[in-house]
> 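The structure under discussion is supplied below as structure tokens; questions concerning it will follow.
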Amino acid sequence: MSELEQLNSDDIKNVEVIRNPGSRYDATVKAVVRIQTVKRQGDGFGFNLRSSYYQSDNTDLIEQANFNYRHNNLDIFGSLYYNQMESWQDFILQLEERGTKVWNHDMKSYGEFYSKMLSGNIGFNYQLNDNHAFGMKYKSGKTLNERNPLSKETNINVDNVFYDNIKVNSCDNYYYDPDHELNAYYNGQFGDVNIDFNTDYLQNGKSSNSVFQEISQTSESRDVHSVNNVKNRLVAGKLTLSLPLGGGTFAVGSEVTYTHRNDDYINEENYVPTSYSKIEELNATGYAEYNRSFPWGDWSLGLRYEHVKFDYYEDGKHIDEQSRTFDNFFPNITFSKQLGKVQTQLSYTAKTQRPTYSELSNNVFYSDRFTLQKGNPTLRPTIIHDLTLSGAWRFLQMSLSYSQTKDWILNWGELVNEDASLTMLSQRNWDKSIPMFTAFLSASPKIGCWSPMLSVGMQKQWLTIDYFKESKNLDNPIFTASFNNTWVLPLGFMLSLDSYIQSAGATQNIYSEKPYGYVNMSLRKSFLNDALSVELRGNDIFNTNKINYNLYSGDYYLYQKSAWDRQEFAVTVRYKFNTAKSKYKGTGAGDSQKNRI
């Protein structure tokens, strides 16, 4: 994101949006944006400085310095980044569990979040000639301070009779190991064959210390202490060969990722069991893709095969029933055709969404004396089959999509005791295939100095779940609209006014009962031939970005009303000198696994 923020419009040659990317991309990737920049010489030393100040109820800071040195075919580049974030969340919760008894929890809670983080990277790129380039980039960072204090008060009724009032003060303190991430790449052209190779290594870790002080009106009060230690390592490699074949382009490749994760949870009072878990996962992938243009249209065919071996260990012992192997094929086919001035595309893709590693952990976390949380090592990946028709005419764009989702991962509450006095929050796969339809239309004309963009969309699912021994239909569509405006004014001023609104509606087993949205406004002024710029911004200026939603799951129901510290005023100052876009061509390997970590 920091690299994108450096881009000015005159640095961009073209932008390509791939709505259904081919098999060379990970099966979790649903869209790709390719930005090709204008070639800049920029020999010598250059830098780009950025300082941002955000004022809401709290003060946030971002400081960033990017530098580059270019001499002939050598690029040396790096950056330093610091942020300081403070925020709060104010929310109301209403819970209901129905077993042999009916439990109702009315909760008011206020949480704060504080974080300071410092990171940086350094790397080089060397262009041997027009056909061969290689480079390496090292990134490191450390969260210097992160804590999350929380206070809440809950009134509990059982069968409509008062049971207890509990006040809780808690604080999570997080301690991070330094992050280390290394990427190296080679890109070469041998005759008609292009070779693209990437290798990656990642290492990080985090420890959280949690303290709960529960003060009960009718039963015992508690102090609860817990520690959660997580350490991750990842090694990945990716190789792609591309060559012309039969009037088109053929690409074949492989990607292999190995992930190792230790996740330990310790509760000294033993209100929940202490556990030491380990996950080892090997993801081996092969893919092939063929693209060819004909007078009657352009075709793209691809197939991706993914083999995943997942091993789960608890207290040093291999757990056979929670260790599994998955073998999946993900085909894709795309046909594009120019019909007069209308550009059309019809595509089919199969994609997946794999659970995060925290969702696969069997550790039990203490939330309060009535609610526990844990992951689910038996989760299966979600498989999505998508058929999309899109079209573009001048400044109008349209997209229609129909999909079937199998093994969707839902947040779910299960009763631990028959009387519903204790609930376990976790995730589960929904066994039935869920249909979904989406439609989007956008218009982005240019009218003099005014560049508006209006987008409207709709998403509808067909999902019926079990809820309090009855069937609950969650098929209410969600409508969205955004209206973004930019005016390029004389004397180097640029004015922007952006707005977004989302209607009530259902997604998964969650129903948002009220619309929400925001309005942002900014004014930018450039100086010294755009070397210096100052931007004033107001985010969520009407303080409307608040969410009310209901979660339905079996014998468990949750209503939450949330407000955040999102209304803020921001000032950003940038200064750049002889900046040059890096020629670094490393794309990384194992990116989807990094996101799961």
Side-chain angles (χ1 to χ4, degrees), residues 1-16 33-53 61-83 117-142 179-189 194-201 488 491-494 524-535 571-588:
M1 291 302 294
S2 63
E3 292 178 357
L4 289 176
E5 287 181 343
Q6 296 175 45
L7 282 175
N8 293 310
S9 58
D10 58 355
D11 292 326
I12 298 173
K13 184 176 181 180
N14 60 59
V15 178
E16 179 185 5
V33 179
R34 286 178 176 162
I35 302 174
Q36 184 176 357
T37 55
V38 177
K39 185 176 181 180
R40 303 287 191 191
Q41 295 305 316
D43 271 2
F45 181 76
F47 58 85
N48 188 316
L49 308 178
R50 174 260 185 107
S51 179
S52 294
Y53 170 87
L61 301 173
I62 294 179
E63 309 294 337
Q64 183 176 344
N66 294 59
F67 68 87
N68 62 272
Y69 174 77
R70 177 171 296 171
H71 179 69
N72 295 329
N73 296 325
L74 175 66
D75 270 302
I76 299 175
F77 57 88
S79 70
L80 287 173
Y81 179 87
Y82 170 81
N83 75 27
M117 189 267 284
L118 178 65
S119 66
N121 69 70
I122 188 168
F124 77 92
N125 183 82
Y126 190 75
Q127 190 88 24
L128 284 170
N129 50 48
D130 290 341
N131 294 326
H132 301 279
F134 64 91
M136 183 179 293
K137 179 166 62 174
Y138 170 71
K139 298 166 62 178
S140 183
K142 181 175 174 60
D179 294 346
H180 301 282
E181 187 171 350
L182 184 67
N183 168 254
Y185 88 93
Y186 167 76
N187 187 280
Q189 191 78 28
N194 178 267
I195 298 176
D196 185 39
F197 173 74
N198 278 262
T199 182
D200 277 66
Y201 175 78
V488 179
L491 303 177
F493 283 96
M494 179 180 291
R524 180 180 183 273
K525 171 72 168 113
S526 61
F527 306 88
L528 305 177
N529 293 321
D530 206 34
L532 174 67
S533 66
V534 179
E535 183 188 67
V571 180
T572 296
V573 179
R574 296 178 184 274
Y575 181 73
K576 58 188 179 182
F577 169 76
N578 195 31
T579 56
K581 294 307 297 176
S582 172
K583 295 181 179 180
Y584 195 78
K585 297 179 181 179
T587 56

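Positions are given from 1, in the same order as the sequence printed here. This structure is a prediction, so every number in the text was calculated from the model and none was measured.
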> Looking only at non-hydrogen atoms, find the nearest pair between Ala184 and Met136 and report the distance.
CB-CE, 4.0 Å
> Counting only heavy atoms from other residues, nucleotides and ligands, does the tally under 6.0 Å from CG of Asn529 exceed 12?
no
> If you round to the nearest 0.5 Å, how far is CD of Gln64 from OH of Tyr81?
6.5 Å
> According to side chain to side chain contact (heavy atoms under 4.5 Å, CB included), who are the partners of Ser52, at least two apart in sequence or on a separate chain?
Arg50, Tyr54, Ile62, Thr572
> Sequence neighbours left out, what passes side-chain hydrogen bond (donor to acceptor under 3.5 Å, both in side chains) with Asp196? Give chain and number order.
Asn187
> Can you name the side-chain hydrogen bond (donor to acceptor under 3.5 Å, both in side chains) partners of Asn129, sequence neighbours left out?
none
> According to side-chain hydrogen bond (donor to acceptor under 3.5 Å, both in side chains), who are the partners of Glu535, at least two apart in sequence or on a separate chain?
none
> Taking side chain to side chain contact (heavy atoms under 4.5 Å, CB included) as the test, write out the residues that go with Asp179, two or more places apart.
Asn204
> Which atom names give the shortest non-hydrogen contact between Asn68 and Phe47, and what distance separates them?
OD1-N, 4.4 Å
> For the side chain of Asn73 and the backbone of Gln127, is there at least one donor-acceptor N/O pair under 3.5 Å apart?
yes
> According to side chain to side chain contact (heavy atoms under 4.5 Å, CB included), who are the partners of Phe493, at least two apart in sequence or on a separate chain?
Leu489, Leu491, Leu523, Lys525
> Can you sort out the partners of Tyr126 under side-chain hydrogen bond (donor to acceptor under 3.5 Å, both in side chains), two or more places apart, ordered by chain and number?
none
> Just jot down the side chain to side chain contact (heavy atoms under 4.5 Å, CB included) partners of Ser140, sequence neighbours excluded, or say none.
Tyr138, His180
> How many angstroms lie between atom CG of Leu118 and atom CG of Leu80, to the nearest 0.5 angstrom?
6.5 Å
> Please name the residue in the list Phe77, Tyr185, Phe124 that meets the side chain to side chain contact (heavy atoms under 4.5 Å, CB included) test with Lys137.
Phe77
> Indicate the atoms forming the closest heavy-atom contact of Phe577 with Phe45, along with that distance.
CE2-O, 3.5 Å
> Is Asp530 salt-bridged to Arg524, cutoff N-O under 4.0 Å?
yes
> How far apart are the closest heavy atoms of Asn48 and Arg574, and which atoms are they?
OD1-NH1, 4.5 Å
> From the options Asn131, Asn194, Asp130, select the one residue that forms a side-chain hydrogen bond (donor to acceptor under 3.5 Å, both in side chains) with Gln189.
Asn194
